[in-house]
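Just so you know, these numbers use all the heavy atoms, side chains as well, and skip hydrogens, waters and symmetry mates.
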Amino acid sequence: MAETCYRHPDRETGVSCSNCGRPICPECMTVTSVGMRCPECAKQKTKVRVGPGAFTATDVPIATYALIAINVAVFLAEVASHGGGIIDVTPNNLIDHGGLAGPLVANGDYWRIITSGFLHVGLIHIALNMYILYIAGGLLERSIGSLRFVALYFLSLISGSFIALLIDPNALTVGASGAIFGLMAAAVIIAYGRGREDVARQFAVLVALNLFLSFSVSGISIGAHLGGLVGGAIASFFVIYIERRRGPALPLEIPVLTVIAAAFAIAAVVAANSA
């Protein structure tokens, strides 16, 4: 039998507050970056401690805001470089010099594996990516700490570049989508691993919807999206595994995630040279 809303006993619901766990109906839900919350919890700002220093969860996701600011600043530079409107800013000098393309990476432009993840081709492109970064990034950074979040973000970005080069090395690929898909995958896995099935289900739906769009809309880099999912999944499994074996206070994830990211970067260069 379905639970009933704690404020409206006559209403059945399958959703619980992501903070206190009480069942809530649609009227009582408040959507936040950390899931659905009841009216009382939505008014609170509770700090959750999971470890010392930079591995302590925080109410203010500084790294998420910084990444959004960097992406927006680069996009504005693209607009200035393009000399036109902001709806469609291609082609422009920044994309020419920073976009991901197999022949250029093979020629020694290795920085494109990362810089391509900070370039966008139009207002809708960056707006969608930054919105999901705000939601998923805010959730993850508050939950796992800033350093682990940044490591997970860049691992997903690099793995997205690798699979993009593996599937279609001659295509010009730009966008934060690989990293964004990695964050969504990590949100599902980490939420589920910590017993927050309600949050995991919400992000699973978001992943499914975005995958549907990836395969339905032409011009989207499917490789970058799938690669981001793979990278985010691998990173989040390590986060959960190390937490369960050694506890959240030991920052062992960073060297592990750094080695994995480096392996993906090397694989991306190999893929570019093999095209």
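Side-chain contact between L211 and L226 is present, with at least one heavy-atom pair separated by less than 4.5 Å. Side chains of D168 and I222 form no contact here, defined as non-hydrogen atoms less than 4.5 Å apart. Between S156 and L152, some side-chain heavy-atom pair lies under the 4.5 Å cut-off. R112 places none of its side-chain heavy atoms less than 4.5 Å from the side chain of S161. Inter-residue side-chain proximity for C38 and C28 is flagged as unmet; no heavy-atom pair is nearer than 4.5 Å. By the 4.5 Å heavy-atom criterion applied to side chains, L206 and I135 are not counted as neighbours. Looking at D10 and T4, their side chains never come closer than 4.5 Å, going by heavy atoms from C-beta outward. Inter-residue side-chain proximity for L147 and I254 is flagged as met; some heavy-atom pair is nearer than 4.5 Å.
Under the 4.5 Å side-chain heavy-atom criterion for grouping Ile, Leu, Val, Met, Phe, Trp and Tyr, V230 is not connected to F237 through any hydrophobic cluster. Both I70 and M130 belong to a common hydrophobic cluster when Ile, Leu, Val, Met, Phe, Trp and Tyr are linked at side-chain heavy-atom distances under 4.5 angstrom. When the side chains of ILVMFWY residues are joined at heavy-atom separations under 4.5 Å, either directly or via intervening members, I189 and L140 end up in two distinct hydrophobic clusters. Under the 4.5 Å side-chain heavy-atom criterion for ILVMFWY residues, a single connected hydrophobic cluster contains both I190 and Y134. The hydrophobic clustering, which links ILVMFWY residues whose side-chain heavy atoms are closer than 4.5 Å, places L76 and L119 together.
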Take N129 and N71 through the test side-chain contact (heavy atoms from CB on, under 4.5 Å) and record every step on the way to the result.
CA-CA 10 Å; N129 279 340; N71 275 278; over 6 Å; no

Between I220 and F215, does a side-chain contact (heavy atoms from CB on, under 4.5 Å) hold up when you go through it step by step?
CA-CA 8 Å; I220 291 180; F215 285 96; over 6 Å; no

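Enclosure of atom CG in L213 by more than 12 non-hydrogen atoms of other residues, nucleotides or ligands within 6.0 angstrom is indicated. Around the OH atom of Y192, the shell of radius 6.0 Å holds no more than 12 heavy atoms that belong to other residues, nucleotides or ligands. In the displayed structure, F238 atom CZ is contacted under 6.0 Å by at most 12 heavy atoms of other residues, nucleotides or ligands.
Here the side chain of S81 pairs a donor or acceptor atom with the backbone of N93 at under 3.5 angstrom. Between the side chain of S236 and the main chain of G232, a donor-acceptor pair closer than 3.5 Å is present.
Between F264 and F162, the ring planes are tilted. Angles from 30° to 60° get that label.
Counting all heavy atoms, side chain and backbone alike, M184 lies closest to F203 at O-CB, 4.3 Å. In terms of heavy-atom proximity, L155 sits nearest to L257 at CD1-O, 3.4 Å. The two residues S116 and T173 make their nearest non-hydrogen contact at CB-O, 3.5 Å.
For the ring pair (Phe, Tyr, Trp, His ring centres under 6.0 Å) test, residues two or more places apart in sequence or in another chain that qualify with F181 are H225. With sequence neighbours excluded, no residue satisfies salt bridge (charged side-chain N to carboxylate O under 4.0 Å, His left out) with D96.
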